[in-house]
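Structure first, then comments.
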Amino acid sequence: MAESLKMKIAVLGATGQTGQYLVNQALQQGHTVTAIVRNPGKLSLRHDNLKMVEADIFSADSLKTHFKGQDVIMSCLGFPVSFFSVVTGYTLSMNSVISAMQESGVNRIITMTSWFTGPNSTRQSPYVIRFLLLPIIRGVLNNMHEMEKLLETSEDINWTVVRPPGLKNLPASAQEFLTHEGYFVPNSGGNAVGRGDVARFMLSLLNSNAWVKKGVAITTR
């Protein structure tokens, strides 16, 4: 098999739990990574192919200089549940990201959301998830869904949205992925997936056109 192409990747959310797995794996695979962070002190990793830059994810001007020359933007940004205000981080940051991509000539983005972002996608979910868990995180899921809609209407952007179920803080395994174009993987149990596996799946898309302009729900077998 031919060696996969080495890419220049800008990573948003690089200091988050999933982002750190993504940065590590990308470097192991020989890619060149620009980690775009708010607080450089949070990422202790040092590597010849890693550049750390400080930027404001809510400002296209702040992002576009770091996007120039990149092959792909990968985002692991997450915003917490808020009981006192509407969650807006996903859409506000993606608006800036899309503008910065257009201004810097980058047209590929791989980002992550979650199962059940679609408003009517929870009908087949188990009772506990549907009536206890999802109402708590609905604000996050709604804003993720609005972000997905933003990408869908960006004609010049080759986006892929990766939707894992719950996440657990585990490194990548060798388990096979189950995928489904939609808001969940039917008949799969929907158990939490290791963050390292989510990163592994996202990176596997770099040399594949399988899910361009699509949302893909994933889990491991």
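FYI, the numbering just counts along the sequence from 1. Since the structure is predicted, the reported quantities are computational estimates derived from the model, not experimental observations.
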TODO: Assess whether atom CG of Asn209 is packed by more than 12 heavy atoms of other residues, nucleotides or ligands within 6.0 Å.
DONE: no
Open item on the list: Quick check: do Met94 and Ile109 have side-chain heavy atoms less than 4.5 Å from each other?
Closed with: yes
Task: Option passing side chain to side chain contact (heavy atoms under 4.5 Å, CB included) with Ile57 (candidates Val97, Leu92, Leu12) - done: Leu12
Open item on the list: Do Ser114 and Thr117 pair up side chain to side chain, a donor and an acceptor below 3.5 Å, judged on atom types alone?
Closed with: no
Open item on the list: Working to the nearest 0.5 angstrom, can you tell me the gap between Ser154 OG and Asn107 CG?
Closed with: 11.5 Å
- [ ] Taking the side chain as every heavy atom from C-beta outward, state whether Trp211 and Leu205 have any atom pair closer than 4.5 Å.
- [x] yes
Open item on the list: Do Met112 and Met202 have side chains that approach each other closer than 4.5 Å (heavy atoms only, starting at C-beta)?
Closed with: yes
- [ ] Determine the interplanar angle of the Phe79 and Phe58 rings, folded into 0 to 90°, and report it as parallel if under 30°, tilted if 30 to 60°, perpendicular if over 60°.
- [x] tilted
Open item on the list: With heavy-atom distances below 4.5 Å as the criterion, would you say the side chains of Ser125 and Phe184 are in contact?
Closed with: no
Task: Steps toward salt bridge (charged side-chain N to carboxylate O under 4.0 Å, His left out) verdict (Lys149, Glu146) - done: CA-CA 5 Å; Lys149 291 277 168 238; Glu146 287 163 22; over 6 Å; no
TODO: For the pair Lys68 and Glu103, find out whether any cationic side-chain nitrogen is under 4.0 Å from an anionic carboxylate oxygen.
DONE: no
Open item on the list: I'd like to know if the side chain of Arg221 pairs up with that of Gln175 as donor and acceptor (distance under 3.5 Å, no hydrogens or angles considered).
Closed with: no
Task: Side-chain heavy atoms of Ser96 within contact of Ser99, under 4.5 Å - done: no
- [ ] Apply the side chain to side chain donor-acceptor pair (under 3.5 Å) test between Arg163 and each candidate in Glu181, His180, Glu148; give the one that qualifies.
- [x] Glu148
